[in-house]
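A quick write-up on the structure given underneath.
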Number of protein chains: 2
Amino acid sequence: MESRINRIKKQLHSASYKLTPQREATVRVLLEYEEDHLSAEDVYLLVKDKSPDIGLATVYRTLELLTELKVVDKINFGDGVSRYDLRQEGADHFHHHLICIECGSVDEIQEDLLGDVEKKVEHDFNFKVKDHRLTFHGICWRCHDKVENEREEPSASKKK
Amino acid sequence: MESRINRIKKQLHSASYKLTPQREATVRVLLEYEEDHLSAEDVYLLVKDKSPDIGLATVYRTLELLTELKVVDKINFGDGVSRYDLRQEGADHFHHHLICIECGSVDEIQEDLLGDVEKKVEHDFNFKVKDHRLTFHGICWRCHDKVENEREEPSASKKK
DNA sequence: CTGCTTGCAAACGCTTTGCATATGA
DNA sequence: TCATATGCAAAGCGTTTGCAAGCAG
């Protein structure tokens, strides 16, 4: 964990960016909430908790920086907000997302499912793939189970 | 073409929406520029050409309507603008996009490449897939060819 | 010391909304 | 007729930017 921060610091450094406390605080929040898909505002509020003297603009600028360094990926799920997702270390591809249209949850698939598809695209369309974005919309296992249970015990203990 | 408009009109009708000239004009533009990925503003300007008395807000409202009816898909390529893409008639899946990081062009793949992947997702993650979004970022065949040619005739006719 | 960073507030650009008017069914 | 749809302008909202002050290297 600490080592991961240091590696990111080094990346900043070698791109000749300064290591300011604000940037470090932002990176720490991103690591801490790695599971989530935070918006800039989310990050801002979380950073502000620990370092109250940070401005929203700085968070935006830091996130832009980290996107440029490929530390995070900027993603867009169609609501009007950009979200920022830490890249797995050493990952050469962008991970996939499962968005539940029932509960709105977002799960991640780290495994690369597109190897064969990309080969086909490169061959059939003569398109040199550098990156991809793949999102599935549907029903997550939690909501799926919920429906199952309700069907199994229709009049029984109905949870409110 | 004309029949396609009529079918869309019928869809509007059966959802008890009125068939106004503004809506028809908007649909016509979408059909005419089916290849492109127009933003709301793009559509507005094109519609305005033929029917000058239309407001931007109406275009936004119509596009929202058509999205709801699944006549178009609202897509987002990461620039701050929403784009609207006509669905293929009868298509149950959303088509894929190839975005060139050199020239910015956007090509479409109508063919569904994700059949196997979706099966895997449903099985491995117990996620019921309803729709998907897939975008590849890379070098399109045009830019690829350009680089090839420059390599073949390095000092020859260099285009500026 | 000096140029990169910051916080603040203002500006920006896309999109949505309130409202009085117009109109399709 | 009359609920729905429209145009306009204003408001909304996430994001970016100008600038003077601050700070890391």
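Lettering of chains follows the sequences in order, A, B, ..., and the numbering in each one begins at 1.
- The distance between atom NZ of B/Lys10 and atom C1' of C/dA25, rounded to the nearest whole Å, is 17 Å.
- For B/Asp124, the CG atom counts as densely surrounded, since its 6.0 Å shell holds more than 12 non-hydrogen atoms of other residues, nucleotides or ligands.
- When rounded to the nearest whole Å, the span between CG of B/Leu45 and C1' of C/dG13 equals 15 Å.
- In the displayed structure, B/Glu35 atom CD is contacted under 6.0 Å by at most 12 heavy atoms of other residues, nucleotides or ligands.
- For A/Asn126, the CG atom sits in a packed shell: over 12 heavy atoms of surrounding residues, nucleotides or ligands are nearer than 6.0 Å.
- Looking at heavy-atom distances under 4.0 Å, A/Ser39 makes no contact with the nucleic acid at all.
- In this structure, A/Arg133 is positioned above the aromatic face of A/Phe94, its NZ or CZ under 6.0 Å from the six-membered ring centre and within 45° of the axis.
- Hydrophobic cluster membership is shared by B/Ile109 and A/Leu113, with clusters built from Ile, Leu, Val, Met, Phe, Trp and Tyr side chains linked at under 4.5 angstrom.
- Of all nucleotides in DNA chain D having an atom under 4.0 Å from a heavy atom of chain B, the first and last in 5' to 3' order are D/dA3 to D/dC8.
- Between A/Arg83 and A/Asp73 there is no salt bridge, since no side-chain N of the basic residue sits under 4.0 Å from a carboxylate O of the acidic one.
- Annotation: B/His37 is in aromatic contact with B/Phe77 [ring centroid separation under 6.0 Å].
- When the P atom of C/dC14 is taken as reference, atom CG of B/Asn76 falls 13 Å away, rounded to whole Å.
- For B/Leu63 and C/dT17, the CG to P distance is 15 Å, given to the nearest whole Å.
- Using a cut-off of 4.0 Å between Lys/Arg side-chain N and Asp/Glu carboxylate O, A/Glu102 and B/Lys130 are scored as not salt-bridged.
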### B/S/- contact track for nucleotides 1-10 of chain C, protein heavy atom under 4.0 Å
--BBSBBB--
